There are 2 protein chains.
Amino acid sequence: MLNSKSPVPLYHQLADILTERIRSGEYSPGQMIPSEISLAKQYGIGRPTVRQAMDTLVRKGLIHRRRGAGTFVKRPEAKVDLFSLAGTSQAFLTQGIRPGRKMISPLCLKTVEGDPENPFNGHRAFFLSRLTLAQDRPILVEDIFLDAELFLGLDKIDLRDKSLSRVVMDHYYLKPENGVQTFKVEALSGTRAKLLGLTRKDPVLVVKREINFPDAPGAVYSVLFCRTDTFAFSQTIPGEVS
Amino acid sequence: MLNSKSPVPLYHQLADILTERIRSGEYSPGQMIPSEISLAKQYGIGRPTVRQAMDTLVRKGLIHRRRGAGTFVKRPEAKVDLFSLAGTSQAFLTQGIRPGRKMISPLCLKTVEGDPENPFNGHRAFFLSRLTLAQDRPILVEDIFLDAELFLGLDKIDLRDKSLSRVVMDHYYLKPENGVQTFKVEALSGTRAKLLGLTRKDPVLVVKREINFPDAPGAVYSVLFCRTDTFAFSQTIPGEVS
DNA sequence: CAGTGGTCTAGACCACTAT
DNA sequence: TAGTGGTCTAGACCACTGA
């Protein structure tokens, strides 16, 4: 089941296996999952390695541990965690909602100008803009800027039906280190208002997000324009893991 | 230096020591901190224990590791992380901004009614409302609800000049496990508009936050009404730790 | 090359839970 | 009491960095 020759660490492989079993329902909410010792024996690995795998699931909020009792699958949260670093489509998929997507501006290289808040201001960057719908209603416009040098060749990749964060991970082997986002309430411009089915001057939630990668701070910058009247945007904030 | 008889785990003690050295500037940004092996020898503990301590610092964003090179103190982030679980005053303090506070409704027991989104709806709960100012400008009104049974005796505690999250930690030994918050853009009621120096119907950012404690989900619920025109609200999102 | 962090093992003792 | 998670040790091998 586990491949110790793989470059993927054992604890990561095990974490993936357990995650899949939870997502598929094999381990259902409230149920106890096999103990650390039994998993260690079953897979022929050490208990610390099992713990390391479970640590990641605890941080993701999939399980919780009760000393003396066991480890249990958490009941899934009721809301859409939109503001995580994993990417917007991932946020919807974890809820069983399939978001609709409409490209507004296809990926292109462009020079960013007149936007001092944009870390790419004055430089060339990849740019795309897209609309997200839920249950056929427009809820979100995303402008995304990506570092032109770091993501060299991005315009050669077919992005249709692919998660942008997956492309970044699989093609460039880049995993977000952390991010900073700021929240504002702003009035919409005319063109964006039309896309979201609103009138100009309707206020929306504007989220500006900067994502940092190892040795490449701010390599992705995105601006989200969110309708909040038909859909509640939410996020889960992890606590500290013991 | 470390006390192995203490009920506080060794890795936690070491994490506190290292955190303090970073906060005090003894280890300054960019500087390499002692290697895991040297710390293990110095404190007479195992290397995995040192790693466990450093893991927490990585998750807090205080340090980052570079394989083959060492572990380094990160440069502090530039913005105010308002939407963390640590509490609002903590968010300002880490930036050197001393927020002004004005109590609107002092702590009292009240029965929550007519608010289906409030987890305390139909029950009695502690309630308080306060205004936060930055640089003498109103920026934030907070309504806070706390579980009446869990925080029994809270009304006997002098809350002036104390962080609410500190009181919860120090008096009730409760550490937030995680939280869920939802974001909306809403128009203000007349009374709150006045407090924030706005006119009625001015849209503000409304954040509803539910904080979960071990064995006490949703024991704290708060609603934040935020002006976003004079002050940008931001947060840092941690990535996954390897 | 020596030193670093990344991973992993095979144990150990403890506090706690359920029965 | 048996089984669980929480902590900790003493080692090991590897990939990687920097001199």
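Residue numbers begin at 1 in each chain, while the letters A, B, ... track the order of the sequences. Since this is a predicted model, take the numbers as computed values, not measurements.
Side-chain contact check for B:Q52 and B:T49: no donor-acceptor pair (N or O, by modelled atom type) lies under 3.5 Å. A:T111 and A:R124 form a side-chain donor-acceptor contact under 3.5 Å, judged by distance and modelled atom types alone.
Using a 4.5 Å cut-off on side-chain heavy atoms (C-beta onward), A:D147 and A:V220 make no contact. Side-chain contact between A:M32 and A:Y27: absent, with no pair of heavy atoms (C-beta onward) separated by less than 4.5 Å.
Taking the ring axis of B:F72 as reference, the NZ or CZ atom of B:R66 stays within 45° of it and closer than 6.0 Å to the ring centre.
C:dG6 atom P lies 15 Å from atom CG of A:D55, rounded to whole Å. Rounded to an integer number of Å, the gap from CG of A:L39 to C1' of D:dG3 is 14 Å. Between A:R51 atom CZ and D:dT7 atom C1' there is a gap of 8 Å when expressed in whole angstrom units. In this entry the distance linking CZ of A:F72 with P of C:dT17 reads 12 Å, nearest Å. Straight-line distance from the CD atom of A:E36 to the P atom of C:dC16: 17 Å, rounded to whole Å. B:M54 places its CE atom 14 Å from the C1' atom of C:dG6, with the value rounded to the nearest Å. One interatomic measurement links the two molecules: NZ of B:K5 to P of D:dT7, which rounds to 19 Å at whole-angstrom precision. When rounded to the nearest whole Å, the span between CD1 of B:I33 and P of C:dG3 equals 19 Å.
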| Between B:F151 and B:F126, is a ring pair (Phe, Tyr, Trp, His ring centres under 6.0 Å) present by the stated rule, with each step listed? | CA-CA 8 Å; B:F151 296 105; B:F126 283 115; 7.8 Å; no
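Residue A:R66 places no side-chain N or O under 4.0 Å from the OP1 or OP2 atom of C:dT17. In this structure, B:R65 reaches the C:dG6 phosphate: one of its side-chain N or O atoms is under 4.0 Å from OP1 or OP2. Between A:S35 and the phosphate of D:dG3, there is no side-chain N or O to OP1/OP2 separation shorter than 4.0 Å.
One finds the CD atom of B:Q181 at 5.0 Å from the CZ atom of B:R209 (value rounded to the nearest 0.5 Å).
Between B:D16 and B:R23 there is no salt bridge, since none of the side-chain N atoms of the basic residue sits less than 4.0 Å from a carboxylate O of the acidic one.
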| When you check every protein heavy atom under 4.0 Å of nucleotides 8-16 of chain D, what one-letter string (B, S, -) results, 5' to 3'? | SBB-B--BB
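Note: B:Y221 and B:F145 have tilted aromatic rings, judged against thresholds of 30 and 60 degrees for the angle between ring planes.
A:T71 comes within 4.0 angstrom of the backbone, heavy atoms only, and of no base.
With axes fitted over five pairs at each extremity, the angle between the ends of the helix from C:dC1-D:dG18 to C:dA18-D:dT1 is 10° (10° resolution).
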